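Please read the structure below before turning to the comments.
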Amino acid sequence: MTAAVCTDDGRRTLAPPQRRRAAVLERRTYGSYVVLRVADPDGPPPRPGQFAMLAAAERWGGGDGERPFLPRAFSVARVPAPGEAEFLLEDVGPGTNRLCELDAGDDVWLLSPLGIGFAASESDLDGRRPLLVGGGVGTAPLAILQDELGDAAGAPLLGFRDAPHAEGAAYLRDARVATDDGSVGHHGRVTELLVEELDRDAHAQVYACGPPPMLEAVRALCAARGVPAQLALESGMACGFGACFGCVVPTKTGYVRLCVDGPVLDADQLETALVPGAGH
Amino acid sequence: MTAAVCTDDGRRTLAPPQRRRAAVLERRTYGSYVVLRVADPDGPPPRPGQFAMLAAAERWGGGDGERPFLPRAFSVARVPAPGEAEFLLEDVGPGTNRLCELDAGDDVWLLSPLGIGFAASESDLDGRRPLLVGGGVGTAPLAILQDELGDAAGAPLLGFRDAPHAEGAAYLRDARVATDDGSVGHHGRVTELLVEELDRDAHAQVYACGPPPMLEAVRALCAARGVPAQLALESGMACGFGACFGCVVPTKTGYVRLCVDGPVLDADQLETALVPGAGH
Amino acid sequence: MSAPSLPTSFCGIELAHPIVNGSGTFDAIAAQRAFGDALVEQFPFAAFVSKTVTVAPREGNPPPRLWELPAGLINSIGLPNKGLAGYLTHDLPELARLPVPLIVNVMGFTREEVAQLVTAFAERDEVAALELNVSCPNVETGTIMGSDPTETARLVERVRPLTQKPIVVKLTPNASDPGAVAEAAEAAGADGLSLINTIRGMALDPRTREPWLGAGTGGVSGATVRAVALAQVSDVAQRVSIPLIAMGGVQRGRDADDLLRAGATLVAVGTESFRDPAAGRRVAHELERLRRERTSSGAPTRA
Amino acid sequence: MSAPSLPTSFCGIELAHPIVNGSGTFDAIAAQRAFGDALVEQFPFAAFVSKTVTVAPREGNPPPRLWELPAGLINSIGLPNKGLAGYLTHDLPELARLPVPLIVNVMGFTREEVAQLVTAFAERDEVAALELNVSCPNVETGTIMGSDPTETARLVERVRPLTQKPIVVKLTPNASDPGAVAEAAEAAGADGLSLINTIRGMALDPRTREPWLGAGTGGVSGATVRAVALAQVSDVAQRVSIPLIAMGGVQRGRDADDLLRAGATLVAVGTESFRDPAAGRRVAHELERLRRERTSSGAPTRA
Ligand SMILES: Cc1cc2nc3c(=O)[nH]c(=O)nc-3n(C[C@H](O)[C@H](O)[C@H](O)COP(=O)(O)OP(=O)(O)OC[C@H]3O[C@@H](n4cnc5c(N)ncnc54)[C@H](O)[C@@H]3O)c2cc1C
Ligand SMILES: Cc1cc2nc3c(=O)[nH]c(=O)nc-3n(C[C@H](O)[C@H](O)[C@H](O)COP(=O)(O)OP(=O)(O)OC[C@H]3O[C@@H](n4cnc5c(N)ncnc54)[C@H](O)[C@@H]3O)c2cc1C
Ligand SMILES: Cc1cc2nc3c(=O)[nH]c(=O)nc-3n(C[C@H](O)[C@H](O)[C@H](O)COP(=O)(O)O)c2cc1C
Ligand SMILES: Cc1cc2nc3c(=O)[nH]c(=O)nc-3n(C[C@H](O)[C@H](O)[C@H](O)COP(=O)(O)O)c2cc1C
Ligand code: FES
Ligand code: FES
């Protein structure tokens, strides 16, 4: 492993400047989700919230409509051991479909770690208790964040559509679950669990990742209560390292490239977390 | 199986007018060659020399350079049982590479049988003894022809580059083999075996398939001796059923579409069998 | 499967559905040799567009004529055809037996040649409409007839009085402003437009490093041109009010639906037929299903 | 791996190899934020072409700005940049520290804007050459500056006297005859040409059926345009004698080699850098290997 250089207040580990080939070591499923564990001996250790651009090394493309062509962005979900990385995937289209087909022994192309992660040092927290809120596959970056925060992180609050998706909660420790259909845990939205927690103790720092409507609800809720929140957003990306200017999201100060200025943004940078062209 | 309709003097079984999905039943190798046995219950029985357009049903495309996009032409090599077909393949590029990767349980797209096959009825032969001459993967259509002719066909003469390719000879019965490097059988060209045979008994009808230089040698040789020859040619094809006008080869009477007016042509239709853009 | 039913009217011609073939990408006569009557019984298209006919017979370009691309194809076929007389004698009677209306595509190297072709088909009841392929250079002025609005207008004005049949002008995508050519064609009396034709492309032989295609360059078609086709169709549809036959990279019902949404009346399937002769019929079926789903889900079909 | 070595001279600029980046497809400043010094140590290109600079700052187009195609991409980025003053203050000093020559790409909405941009860079030693992006409409005449030979010539004539630096005109592929525009640019004093820029394309949102891209349409790039690029480069190379920077769908050394064979002096890698930031360096290495193999096998490198 190379010595990691970290910038942006320790929130960005620099990536080697080329994609590298990495072997899939293991494929597990958590209900609707696939976890790929990947060998990445040359990869510097990512910060929680950073992401990777992934492509299957073989037969990328050629699916229905001959896509995918470009790599796809995925949060680093966990570093299970030094020189390894895990990704939590949901099959929503040709790229994730191809990646979800991979198994131990297959190779992926990996450009990683990219972007700015969560600000979650003790000084960032400044005495506030960290509150992790995830929706669907947005669970992914909360796992590595939970690992880093250790006991300081209370029970993560996770929302899912239904029972098969709610199995993803097992990827984290001690999660409190809400489901849209009430099949598991709280019947309703994860933001209802968040309201409960903030009612109990509002001296918190929220870290959230999930679909745009959920992030927007979290943003509005935290803004109304003056609770600081960091949101890990998504947008369509071609490159992941600032080259294409394709991934911009509108902020109060204009467009920012989510891949180099995010994907984690302070909630108060945003008018809205409902960014165009993201999500499914 | 549908009742087969045959036209062009019994040399063309009509194909159903759409591609059909067919299961690969078995994958065998003969040295450098792969044989795919395919279930084709809806396919009418092909005539020897007819061909199919094949594409892998999954992940066609996506290889190096995102090809293949179009289906590829392959002689029906054998009908091992009613409702089945075999193809003999050599991996020479992205399309054959993908097809050679297929295994039992995978599916192919199949448009078949296409083109005009060999004229090999008793009246076609008119007392001449059939002489089968193949080069490399051109062995393929000679197998089904040998099956049809039965004992009437003497030992097929087959030429190969080297020993791994010469293993393809085992796909036919009783073949006499020549190799360029002398590692198996006669050291030299298959046309030398043909000269030997014709010297022995010139009252023959030659059926040949192979690379352009070999076919041209066969053509010139037979023309010089007045021996009738039918040549199964290759050219780059997009459609296989006369739609694109892409597969033309020059004949004495102008260009003909090899897919509907061939692939078997009478040698005396040609000035040369060295057609542009074919072969490797 | 039952025949697709999405009744459509184009220049007064009633069609069972909006899917036709692109000129030069399906030879119904050759296909009958390969498939027999089954082809006619389940004919893949709602109208048949024949390959370009020229006054004199043409052998076409020297092979190789095809080069495969990522998700596409370059062809340099070179308009082989039996010529006007040969077409009238040999092809027209056979094509007249197809169960769908016939659109004849013609090209001339001068305006007078086009006039001769249009005149010859004007009186033939077998022919429902004419399509003018204007992608060839005007031998008098040197410009490509179809890339210059003025040239296109003069051509359409010349031939418009010669027939009562609908005249469809097939635009070339190799123009600075296909919309301007479209407007000129409409003003000059064209009844419909079709687009896009192939985009000029080239490939080198990996071994010799010389141009692969016998003719040097060719035209690009297939999925690889789909986005370009959609942009041009959308632009042209906003600038004219005559109906459009849209084509370029259609592989699925959704691609056809996109072109219809962008303003086309008919959609042609070209290169995709090479991958499956029944592609036209499949696309029509997929389109029918899309329409049904959208109607039943109450989503708007057209803004 | 050692640095690729294929010394090349372009308009008097000496480069280590012929591979550069396409304007707007690599942001060396952002890449340094992501990769640190390692990027500069193994810089992927032999010269750096910066993203288009305009006189006034621009936010760019509303998102979404990207649509993936079979083997390609449509973008509608809309030339976001800090504007001339912002570029001179913030970007130029950082780009001047790169280990390779800098080519600045500029665009104006009038000839006078272009003149202002050219003048501003004329005296900056950090700048090796200027590239004029002429793909925008002339706000006075309405035509696209780069698709009309006369417009292009007038622009080049206006700005040619303003600097001694090489002026490279970046042609648009959306022209009836890019070769004619190329000839006009050469006659007006351009020192080099670059092509192709993106081809106009469009996609619909599968759910809403409205245009997906925030700006409605965008430009197609990537492997899907390779054959079109090769045809245009080959044509232009035969019609001018000034050197060319060729681009469009380059993914491998062989693609670059094809464009050089067709007559280009430099080759730019664009979209492929999105798949791998080191793509430029890989392509240069593959090209070096191809050349070596060809020399040792005695095959002709150039007819
Ligand atoms: C920073 C970041 C981190 C992420 N982390 C994760 C993660 O940990 N796990 C995970 O599963 N996902 C994650 N995602 C989302 C993931 O990148 C997408 O799900 C993936 O890119 C989808 O690709 P696809 O080919 O499967 O689907 P696509 O077909 O690309 O569809 C996904 C969406 O893209 C749009 N779309 C559809 N067609 C096109 C087209 N032709 N061109 C452009 N857009 C189109 C639509 O909105 C569609 O809903 C992350 C995204 C970002 C930006
Ligand atoms: C009637 C007929 C019967 C055949 N029977 C058999 C058979 O039984 N078994 C068998 O193995 N093969 C057979 N072939 C040959 C087989 O079709 C080809 O080997 C196959 O199409 C190669 O495809 P590929 O993608 O593997 O290679 P390709 O990359 O397509 O390369 C094959 C050749 O095509 C040319 N080429 C390279 N790139 C391109 C491109 N981009 N576009 C167009 N041409 C290109 C070159 O000449 C190259 O050498 C037959 C061909 C015909 C016409
Ligand atoms: C092999 C081939 C031959 C063609 N021949 C003609 C022709 O003769 N006349 C014509 O107007 N267009 C011709 N075209 C253009 C098609 O009709 C159509 O405009 C184009 O291929 C785009 O559609 P596609 O992408 O679905 O193929 C031809 C296209 C191909 C691929
Ligand atoms: C996302 C993106 C942004 C681009 N921005 C510019 C630009 O600012 N100025 C310019 O002259 N060309 C721009 N281009 C065009 C490229 O420089 C290049 O001409 C084109 O992409 C073709 O090359 P490719 O196929 O290798 O990408 C851009 C292309 C892309 C894909
Ligand atoms: S994904 Fe390319 S700039 Fe962000
Ligand atoms: S392969 Fe298309 S006409 Fe023969």
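In the text below, chain A, chain B and the rest are named by the order of the sequence lines, each starting its count at 1. Quick caveat: nothing in here was measured; it's all calculated off a predicted structure.
When the ring-ring contact (aromatic ring centres under 6.0 Å, His included) test is applied to B/Phe74, no partner is found at least two apart in sequence or on another chain.
Using modelled atom types, one finds no donor on one side chain facing an acceptor on the other under 3.5 Å when comparing C/Asn197 with C/Thr172. In summary, the side chains of C/Asn81 and C/Thr54 do present a donor paired with an acceptor at a separation below 3.5 Å, with no hydrogens or angles considered.
Proximity to chain C is limited to the side chain of B/Arg72, based on heavy atoms less than 4.5 angstrom apart. Contacts of B/Leu111 with chain C are made by side-chain atoms alone, with heavy-atom separations under 4.5 Å and no backbone atom involved. Residue C/Pro44: no heavy atom, backbone or side chain, is found under 4.5 Å from chain B. Residue B/Ala55 does not touch chain C at all, counting heavy-atom pairs closer than 4.5 Å. Of the atoms belonging to C/Asn61, it is backbone heavy atoms, and not side-chain ones, that fall under 4.5 Å from chain B.
The most heavy-atom pairs under 4.5 Å with chain B, out of C/Gly36, C/Ala278, C/Pro277, come from C/Pro277. Between chain B and the options C/Gly72, C/Gly270, C/Ala38, the largest number of non-hydrogen pairs under 4.5 Å is found for C/Gly72. Contact tally against chain C (heavy-atom pairs below 4.5 Å) for B/Pro71, B/Cys244, B/Gly242: the top residue is B/Cys244. The candidate with the highest count of non-hydrogen atom pairs below 4.5 Å against chain C, out of B/Ala243, B/Pro250, B/Cys259, is B/Ala243. Of all the listed residues (B/Asp261, B/Val248, B/Thr13), the one sharing the greatest number of non-hydrogen pairs under 4.5 Å with chain C is B/Val248.
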Checklist entry - Between C/Asp257 and C/Arg254, is a salt bridge (charged side-chain N to carboxylate O under 4.0 Å, His left out) present by the stated rule, with each step listed? => result CA-CA 5 Å; C/Asp257 195 43; C/Arg254 215 192 82 193; over 6 Å; no
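Applying the salt bridge (Lys or Arg N to Asp or Glu O under 4.0 Å) test to every pair with at least one member in residues 46-63 of chain C, sequence neighbours left out, gives no pairs at all.
By the 4.0 Å N-to-carboxylate-O rule, B/Arg20 lies too far from B/Asp42 to be salt-bridged with it.
B/Phe118 does not carry B/Arg47 over the face of its six-membered ring by the limits of under 6.0 Å from the centre and within 45° of the normal.
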